[in-house]
Amino acid sequence: MSSFSGSAATLRSRGWSLQLSGYLLLLPALSFLLLFTHYPALATLWQSLFSAARASHPAHFVGLDNYRALLNDDIFMQSLWNNLLYALITIPLAVTLALLMALAVNRRLRGNALVRAAFFIPSLLPMIAIANLWLFFYTPQLGILNSLLAWFSLPAINWLGEPDTTLYCLMAVSVWREAGFFMIFYLAALQQIDPRLSEAAAIEGASRGYFFRRVQWPLLLPTTLFVLINASMNAFRIVDQVIAMTNGGPNNSSSLLLFYIYRTAFSFWDMPAASAMTVVLLVILGSIALIKFHLLDKRAHYQ
Amino acid sequence: MKAASSPGGFALNLLIWLAALLWSLPMLVALWIAIHPAAGQGTFRCWRR
């Protein structure tokens with residue numbers, strides 16, 4: 001009996017030491033995660049509950065006043081709406097184009113490397129260079145789009161100077177930039193699919209569309225989930241493109257959420273308001289990730 | 001699967017090539033402006049110094 005309890009104690013102590021070594025191995029990564037990710041998020045949340053410190057008025061606790069002020073901030077509401085519209089249009093477009101591109105370059109094609117490069121290079125270019133390239137299209141006097149309109153005797157449009165067109169012009173640039181990047185993930189996933197499946201489908205006489213719908217698409221769902229989450233995060237993280245192309249104008253029609261946060265924090269120096277907006281942005285991104293993981297993960301097929 | 005040598009396969013390949021050309025149009029336009037003496041109007045003036 002005593003030898004049995006002794007061996008149980010030995011097993012328990014070995015389990016504890018295993019757990020301890022596990023936590024010690026986790027410690028370096030965990031400490032960096034806590035220090036550089038979770039602590040700033042909590043500090044932002046805490047700062048959003050205080051008023052802005054001014055020379056004669058030190059910051060004091062105001063509760064949810066900064067959040068209430070956001071509801072009355074027309075520019076914030078417009079930026080939020082612009083960003084939602086931007087996400088709703090660019091994400092499906094970029095992901096669909098990425099999938100089509102991947103399917104296109106996955107087939108036997110002469111000069112395949114060149115076609116892949118043509119699709120992928122835009123995602124390698126820095127944002128300022130991309131903005132400069134697209135200004136050749138959108139510039140009112142010299143731009144290619146207006147030259148094309150002139151060929152058909154149509155009136156010129158100030159693409160980046162009119163509130164109705166500016167946001168859509170930014171969307172086009174984003175889709176052009178991101179689709180090639182997401183294509184790489186789809187291409188990698190397509191090349192992971194066992195070639196015997198396509199051979200079997202060919203023998204059975206399955207059409208290309210049927211093979212895609214019943215075999216390739218279910219196997220691509222984990223990649224789609226990953227790409228969708230990345231695309232959603234990118235849609236709410238965009239700021240450099242807005243600064244380079246429109247600076248939020250005209251009349252805030254191209255102001256996006258992160259751009260407005262940046263301007264509030266570093267042009268107006270209203271850190272608590274910027275913190276409150278950041279918390280709203282974090283909630284939006286967290287909700288998107290949760291919804292996608294819960295809904296799509298159930299339908300994803302992992303090989 | 002349709003072979004690339006069949007007429008349908010050739011048309012699809014041609015379509016893919018046209019799409020790739022269209023996709024790289026912004027970069028080709030920039031290249032054209034960079035090397036064309038009249039276009040650009042100073043955008044790439046530093047190259048000519």
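The sequence lines fix the lettering, A, B, ..., with proteins before strands; numbering per chain opens at 1. Keep in mind that what you see is a predicted model, and the values were worked out from it rather than measured.
Evaluation of the ring-ring contact (aromatic ring centres under 6.0 Å, His included) rule for Y210(A) yields no partner, not counting sequence neighbours. Residues meeting the salt bridge (Lys or Arg N to Asp or Glu O under 4.0 Å) test with R196(A), sequence neighbours left out: D194(A). Residues forming a ring-ring contact (aromatic ring centres under 6.0 Å, His included) with F137(A) (at least two apart in sequence, or on another chain): W134(A).
The nearest pair of heavy atoms linking L133(A) to P26(B) is CD2-O, 3.8 Å. Closest heavy-atom contact between L12(B) and R208(A): CD2-NH1, 4.2 Å. For the residue pair W17(B) and R110(A), the shortest heavy atom distance occurs at NE1-O, 3.0 Å.
Of all residues spanning residues 114-124 of chain A, those with a heavy atom less than 4.5 Å away from chain B's heavy atoms are L114(A), V115(A), A118(A), F119(A), I121(A), P122(A), arranged by number.
By the 6.0 Å contact criterion, CD on Q191(A) is enclosed, its count of non-hydrogen atoms from other residues, nucleotides or ligands being greater than 12. Counting non-hydrogen atoms of other residues, nucleotides and ligands closer than 6.0 Å to CZ of F236(A) gives a total above 12.
Contacts of I144(A) with chain B are made by side-chain atoms alone, with heavy-atom separations under 4.5 Å and no backbone atom involved.
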